[in-house]
Amino acid sequence: MSEMDIYDLRVSVDRIEGRSVCGMNVGDHFDLTNSAHLTIPEGRHFCVYALASVLPFLAAKQRDLAAGDWLAQDSHFICPDPEERLVMKVERTCRRTMNSEDLT
């Protein structure tokens, strides 16, 4: 058995510096739990373009990173829509131990 520690994450809209063209508001969020379970609160949505801009970083944010790694220090990501300037924050919400053999 191969155990590993992994973090659950919450990605939330931290601020909108332009105009909200996708209908999201500050505080809207999704959770990434159990390595790969993405959930959005019932009745809410999360813009697919904002999701696409943060998605490549989530696997790294779920793991422990070296102290000097830039990704260990940065937690803000920006949606690619230049008029919206939607800023998301990635936060670790829970640390859990999982069997890596269950994940492949």
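All of these numbers come straight from a predicted model, not from anything done at the bench.
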Peer 1: Let me confirm one number: the OG1-CG distance from Thr39 to Asp31, rounded to the nearest 0.5 Å.
Peer 2: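 Reported to 0.5 Å precision, the distance equals 4.5 Å.
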
Peer 1: Of all heavy-atom pairs between Tyr7 and Asp64, which one has the smallest distance, and what is that distance?
Peer 2: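 Minimum heavy-atom contact is OH-OD1, 3.0 Å.
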
Peer 1: Are Phe46 and Leu38 co-members of a hydrophobic cluster defined by side-chain heavy atoms under 4.5 Å apart?
Peer 2: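 Hydrophobic grouping puts Leu38 with Phe46.
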
Peer 1: Between Leu86 and Ala50, what is the shortest heavy-atom contact and its length?
Peer 2: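 Heavy atoms only, the tightest pair is CD2-CB, 4.3 Å.
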
Peer 1: Show the nearest heavy-atom pair for residues Ile78 and Val87, with the distance to one decimal.
Peer 2: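 So the minimum-distance heavy-atom pair works out to CG1-CG2, 4.2 Å.
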
Peer 1: Side chain of Arg92, backbone of Arg63: donor and acceptor closer than 3.5 Å?
Peer 2: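 Judged by distance alone, yes, a pair lies under 3.5 Å.
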
Peer 1: Minimum heavy-atom separation for Ser12 to Glu91, with atom names?
Peer 2: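 Closest approach of Ser12 to Glu91, heavy atoms only: OG-OE1, 4.2 Å.
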
Peer 1: Show, in sequence, the C-alpha distance, side-chain angles and deciding distance for Met88 and Asp14, and conclude whether the side-chain contact (heavy atoms from CB on, under 4.5 Å) test is met.
Peer 2: CA-CA 5 Å; Met88 296 164 284; Asp14 188 61; over 6 Å; no

Peer 1: May I ask you to test the His29-Val13 pair for a side-chain heavy-atom distance under 4.5 Å?
Peer 2: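 No; the side chains remain at least 4.5 Å from each other.
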
Peer 1: Between atom CG of Leu71 and atom CG of Leu65, what is the distance when rounded to the nearest 0.5 Å?
Peer 2: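 That separation rounds to 5.5 Å.
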
Peer 1: Applying salt bridge (charged side-chain N to carboxylate O under 4.0 Å, His left out), run through Arg15 and Glu17 and close with a yes or a no.
Peer 2: CA-CA 6 Å; Arg15 62 187 181 274; Glu17 297 175 342; 2.8 Å; yes

Peer 1: Between Arg44 and Asp28, does any NZ, NE, NH1 or NH2 come within less than 4.0 Å of an OD or OE carboxylate oxygen?
Peer 2: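 Arg44 and Asp28: salt-bridged.
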
Peer 1: Are Leu9 and Gln62 close enough, and set up right, to give a side-chain contact (heavy atoms from CB on, under 4.5 Å), and what steps lead you there?
Peer 2: CA-CA 7 Å; Leu9 304 175; Gln62 288 179 304; 3.7 Å; yes

Peer 1: Heavy-atom distance under 4.5 Å between the side chains of Phe30 and His45, does that happen here?
Peer 2: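 No, every pair of side-chain atoms sits at 4.5 Å or beyond.
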
Peer 1: Given side-chain contact (heavy atoms from CB on, under 4.5 Å), test Ser75 with Lys61 step by step and report yes or no.
Peer 2: CA-CA 9 Å; Ser75 61; Lys61 295 295 278 184; 4.3 Å; yes

Peer 1: When you check the gap from the basic side-chain N to the acidic O, do Arg19 and Glu84 get nearer than 4.0 Å?
Peer 2: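 So Arg19 does not pair with Glu84 through a salt bridge.
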
Peer 1: Give the minimum heavy-atom separation between Val11 and Val54, together with the two atoms involved.
Peer 2: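 Closest heavy-atom pair between Val11 and Val54: CG1-CG1, 4.3 Å.
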
Peer 1: With a 4.5 Å heavy-atom cut-off, do Ile6 and Met4 have their side chains touching?
Peer 2: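 Yes, at least one pair of side-chain atoms sits under 4.5 Å.
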
Peer 1: Under 4.5 Å between side-chain heavy atoms, hopping through other hydrophobics if needed: is there a path connecting Phe77 to Ile40?
Peer 2: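 Yes, because Phe77 and Ile40 connect within a single hydrophobic cluster, where side-chain heavy atoms sit under 4.5 Å apart.
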
Peer 1: Taking the side chain as C-beta and beyond, is there a heavy-atom pair between Val90 and Phe57 under 4.5 Å?
Peer 2: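 In short, these two side chains do not touch, never coming nearer than 4.5 Å.
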
Peer 1: Measure the CD1-CZ distance between Ile16 and Arg85 for me, rounded to the nearest 0.5 Å.
Peer 2: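 So the gap between those two atoms works out to 11.0 Å.
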
Peer 1: Does Asp5 pair with Arg96 as a salt bridge, N-O distance under 4.0 Å?
Peer 2: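 A salt bridge is absent here (no side-chain N lies under 4.0 Å from a carboxylate O).
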
Peer 1: Mind checking the CG-OG spacing from Asp81 to Ser20? Nearest 0.5 Å is all I need.
Peer 2: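 Here the interatomic distance stands at 9.5 Å.
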
